[in-house]
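Here is the structure we will look at, set down as structure tokens.
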Amino acid sequence: MHRDSVRPDESLFPGIGDSGRDMLRQLLEHPAAPRYRNRSGHRLEADDLPWLRHFTREVMAASIGWPAQGRPTWLADFLPDVYRRVPAYRQRGAPPDDWHSLPTLSRADLSRDITRFVPDDLPLNRLIEYSTSGTTGHPLKLPSHPRVSAGYLAFHRRALARFGIALRAGRGKVSVVLAGFQARCFTYVSFNPLLDDAGLAKINLHPNDWQTPEDRVAYLDAMAPELITGDPISLSALAELPLQHRPRALLSTSMAMSAGLRAALSARFACPVLDLYSMNECGPIAAYAPELDGHLLLQPRLFVEILDPTGHPVPEGERGEITLTGGFNPYLPLLRYRTGDFAALRMTADGPLLCGLLGRPPVRFQTASGEWINNVDVSHCLARFALPQYTLHQCADRSLRLGLPAAQATQQAPICTALHGLFGATVPITLSALPLADKVIQYTSDLA
């Protein structure tokens with residue numbers, strides 16, 4: 001989308017008024033604005049707003065937890081409900097009396113036919129579909145709804161409140177900038193009716209998306225967003241810019257963040273850095289609480305189990321696989337969904353706490369020319385290939401080791417050609433057979 005294109009699509013911004021148009025114009029027409037390549041919008045209708053305000057009040061006031069060695073009371077209604085309304089669960093017959101005899105789910109189960117996991121009585125006229133590749137390599141299209149997308153804000157508010165931060169940005173101000181750092185990135189402008197039409201922009205900090213590299217600083221200083229969100233790679237790139245603006249908080253999602261980086265970012269911007277554990281399948285799960293040295297759960301109707309490889313719960317405080325039930329997306333109610341991430345669970349006075357969380361680590365690679373690129377760039381590069389899984393490792397000499405399932409042998413040559421286009425033709429690539437598994441560590445590197 002060209003930055004001077006200020007005619008909003010009414011389907012993306014239902015009921016848009018003068019303040020919304022002014023905000024889009026402010027974001028698009030600044031002389032230092034980036035090249036916005038896509039269109040998106042809140043898609044919220046008038047009757048969504050009271051529902052979302054009520055939802056936010058519930059999330060902010062909720063007490064999260066369940067008895068030790070027990071389960072939350074809402075599961076008594078949730079289990080028979082999803083067995084009745086969700087085809088994938090209904091085909092099992094009646095729900096068992098023993099909770100632990102319920103089968104677990106994996107990303108591979110969802111990717112085979114996601115439509116079977118959507119309740120069959122929900123209207124589809126406002127359905128939103130998100131595509132994600134994920135760390136396991138199983139491509140997945142996730143069903144959602146505008147209320148779900150807007151509902152993320154409630155959990156962000158809850159996480160921010162632990163740091164004494166209440167959102168203040170409103171009309172005429174920019175609330176959030178979502179920052180990426182990729183060779184190719186989905187970018188757009190929007191505004192939030194729940195915040196009196198405060199602005200929102202998804203930008204790419206890579207110099208390719210700007211008229212000049214210096215425009216990144218000029219634009220962010222002019223927009224002065226209250227919050228900046230990103231992942232550890234994009235926030236590290238942000239910290240290298242000579243910004244004068246200081247956001248009230250940084251929010252890191254998608255990848256694991258080290259304590260060292262969290263401290264460095266907090267010192268650089270003189271604000272809290274919230275490390276959120278989040279998944280596309282169920283949204284924000286937990287937020288890191290420094291005083292507890294763990295991630296506190298954020299969702300009142302999300303039950304978290306820690307399971308061993310056989311699907312049995314481990315004792316409190318022991319490490320296992322994070323497994324989810326419930327969630328706030330009515331189009332994808334989860335039932336014992338194994339995330340592929342690992343932690344221990346400890347019950348505290350503040351709520352259930354994930355300790356020693358091992359999520360998806362950030363990985364950067366180096367091209368033949370010495371340029372650093374994000375692992376997301378590799379995902380984009382290989383997105384056109386029908387790969388159920390793959391792994392990529394970079395050795396200290398910049399050579400690559402690519403792991404592919406044996407069934408993909410015929411695609412080896414074009415895949416290597418694509419990787420050479422990204423990394424440079426002189427980078428050696430060796431191939432190895434990759435046995436299919438429920439979880440692989442997709443990206444690794446011997447380089448810093």
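Just so we're clear, the structure is a prediction, and the values are computed from it rather than from any experiment.
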(request) Give the minimum heavy-atom separation between Y219 and L27, together with the two atoms involved. (result) OH-O, 2.6 Å
(message) For V148 versus P330, what's the shortest heavy-atom pair and its separation?
(response) CG2-CD, 3.8 Å
(request) Would you give the length of the straight line joining atom CD of Q412 to atom CG of L431, rounded to the nearest 0.5 angstrom? (result) 4.5 Å
Using residues 343-352 as the side-chain source, report each donor-acceptor pair under 3.5 Å to any protein atom, sequence neighbours left out, with the distance given to one decimal.
from, atom 1, to, atom 2, distance (Å)
T348, OG1, D350, N, 3.1
T348, OG1, G351, N, 3.2
T348, OG1, G351, O, 2.7

(message) Can you tell whether the side chains of D48 and R43 come within less than 4.0 Å, N to carboxylate O?
(response) no
(message) On a heavy-atom basis, which atom in R248 and which in A166 lie closest, and how many Å separate them?
(response) NH1-O, 2.7 Å
(request) Taking all heavy atoms of A179 and all of L205, pick out the closest pair and write down the distance. (result) CB-CD1, 4.0 Å
Between side-chain atoms of residues 52-68 and protein atoms elsewhere (two or more places apart, or another chain), which donor-acceptor pairs fall under 3.5 Å?
from, atom 1, to, atom 2, distance (Å)
H54, NE2, E58, OE2, 3.2
T56, OG1, L52, O, 2.9

(request) Mind jotting down which residue pairs meet the salt bridge (charged side-chain N to carboxylate O under 4.0 Å, His left out) criterion with at least one end in residues 82-95? Sequence neighbours excluded, please. (result) D81-R84, D81-R85, R85-D121, R90-D120
(message) How long is the straight-line distance from OG1 of T391 back to OH of Y443, given to the nearest 0.5 Å?
(response) 10.0 Å
(message) Suppose the criterion is salt bridge (charged side-chain N to carboxylate O under 4.0 Å, His left out): which pairs have a residue in residues 288-308, not counting sequence neighbours?
(response) R162-E291, E305-R336
(request) Could you list all the salt bridge (charged side-chain N to carboxylate O under 4.0 Å, His left out) pairs where at least one residue sits in residues 259-271, not counting sequence neighbours? (result) R262-D275
(message) Heavy-atom count check: over 12 atoms from other residues, nucleotides or ligands less than 6.0 Å from D97 CG?
(response) no
(request) Could you name each residue pair satisfying salt bridge (charged side-chain N to carboxylate O under 4.0 Å, His left out) that touches residues 163-188, not counting sequence neighbours? (result) R171-D196
